[in-house]
Amino acid sequence: MSGVFPALVGPLTLVDLLLLLALLVIVPLGLRLVPFAGPRSRQVLKIARTVQPFGAIAAVVSFLITPGWTSGAIALGWLITCVVAALAGLVELIERRSLRPIHLAPAAAVAYLSVGAGWLVLSRAGLRPEGFSHEIVELTGVHFHYAGFAATLMAALAMRAVRDRGRLATLAAMATMLVVIGVPITAAGIATGSGLLTVVGPVFLGAGILTVAAIIGLAIAPRVQCTPARWLLWVSAAGVVVPMLLGVDYAIGRVFPVPTLDLRAMALIHGDLNALVFSLCGVLGWTLAGRRSLPARGSEMV
């Protein structure tokens, strides 16, 4: 049998488990929260939600096989799912004829998801573009699933929830755009080794996410009627502070001689807190909150 089927892998790593959590929980919940308004974009997004379980199953199977062409080919099922979601974002921008943050941010979230899926395929195929280590390739996939998709989506939801609240709406829009531009700048810093991008990307991303978290914790969660949803949003908002500060410190430490955690510790602390506290609690909170949990007109989710 070993001559026909690739050998099964050993125990899954922490990074593997974080990716699987995104595939099986974060993304399915998140795709149901994406606040597209156009009828055609909603139709395309519905297709993505329909095929998502099949794409996730394909990706899970790819993790049961040692990295190589077979594993990478199987993981393409997840990439196809995410590309359909990204197409929905493009259709939304065309339908709305607008690049305003309130329209751009959710489209960017699903676009980043497709980028993360692409890096997942590279990881499962055992490819190392630009000579990156396998760990960096897989961590880039994690980055775009969580910071790219989950964080950008929650920033978009927060921005829509306060869109009629004057200065707070402006602050939310600015913070959301910091997240939107911080995600690719952070990835570009890793890819190019540029000291400027290595620092600027995480600083933008951290500042944006921390501001969004403050808005959620102080201005949105208290108005949520569903008690479990309210507490989940509070936990998510509070739980992102430490990992974001660690992320900024790690980025600065790659350029300047300041104390910082190593990559393994960052994956353990920064990765776990971002995934289990900020992202998981966040999408669960927004899911439970629903459309009717924010009573004021200016606090509607969409």
Side-chain angles (χ1 to χ4, degrees), residues 18 21-22 25-36 45 85 89 92 101-113 116 142-163 165 168-169 171-184 186 204-224 226 228-244 247 270-271 273-291 293-294 299-302:
L18 292 178
L21 175 66
V25 182
I26 303 296
V27 175
L29 290 174
L31 288 178
R32 284 160 176 76
L33 291 170
V34 177
F36 289 159
L45 186 63
E92 171 75 0
I102 200 166
H103 302 132
L104 180 61
V110 290
Y112 292 153
L113 177 61
V142 172
H143 170 72
F144 278 100
H145 277 82
Y146 286 98
F149 175 67
T152 306
L153 173 60
M154 288 191 286
L157 292 172
M159 176 175 52
R160 293 178 69 87
V162 299
R163 67 178 184 267
R165 296 173 65 179
L168 186 61
L171 178 62
M174 293 174 59
T176 298
M177 290 311 298
L178 282 177
V179 176
V180 169
I181 65 177
V183 170
T186 299
F204 280 6
L205 184 59
I209 289 179
L210 289 174
T211 303
V212 168
I215 293 171
I216 292 173
L218 300 175
I220 296 176
R223 303 166 72 95
V224 174
C226 174
R230 183 167 61 250
W231 277 100
L232 283 167
L233 291 176
W234 271 333
V235 170
S236 172
V240 77
V241 175
V242 170
M244 281 301 101
H270 173 86
L273 288 176
N274 263 336
L276 299 176
V277 180
F278 178 57
S279 298
L280 181 58
C281 291
V283 295
L284 285 173
W286 284 107
T287 299
L288 291 178
R291 293 175 181 268
S293 296
L294 300 170
S299 297
E300 294 172 355
M301 285 176 57
V302 296

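In this chain, numbering begins with 1 at the start of the sequence shown. Note that the structure is a prediction, hence the values are computed from the model and not measured. Scope of the values below: all heavy atoms of this structure, side chains included, with no hydrogens, waters or symmetry mates.
- Note that CG of L276 and OG of S236 are 11.5 Å apart. Values are rounded to the nearest 0.5 Å.
- Heavy atoms only, all atoms of each residue included: V110 and G89 are closest at CG2-CA, 3.9 Å.
- In this structure, L157 CG and W286 CH2 are separated by 5.5 Å, a value rounded to the nearest 0.5 Å.
- Taking all atoms of both residues into account, the shortest heavy-atom contact from T152 to A147 is OG1-O, 3.3 Å.
- Taking the side chain as every heavy atom from C-beta outward, F278 and M154 approach each other to under 4.5 Å.
- To the nearest 0.5 angstrom, H145 atom NE2 is 15.0 Å from Y112 atom OH.
- Side-chain atoms of I26 and L280, non-hydrogen and from C-beta on, do get closer than 4.5 Å to each other.
- Between L21 and Y146, some side-chain heavy-atom pair lies under the 4.5 Å cut-off.
- Here the CG-OG distance, from L284 to S279, works out to 10.5 Å after rounding to the nearest 0.5 Å.
- Taking CG of L31 as the reference point, atom CG of L45 lies at 6.0 Å (rounded to 0.5 Å).
- Across every non-hydrogen atom of P106 and V34, the tightest pair is CB-CG1, 4.3 Å.
- Nearest heavy atom pair, residue F204 against residue L178, reads O-CB, 3.6 Å.
- Contacts of A105 classified as side-chain contact (heavy atoms from CB on, under 4.5 Å), with partners at least two apart in sequence or in another chain: A156, M159, T176, V180.
- Heavy atoms only, all atoms of each residue included: P222 and R230 are closest at CA-CD, 4.1 Å.
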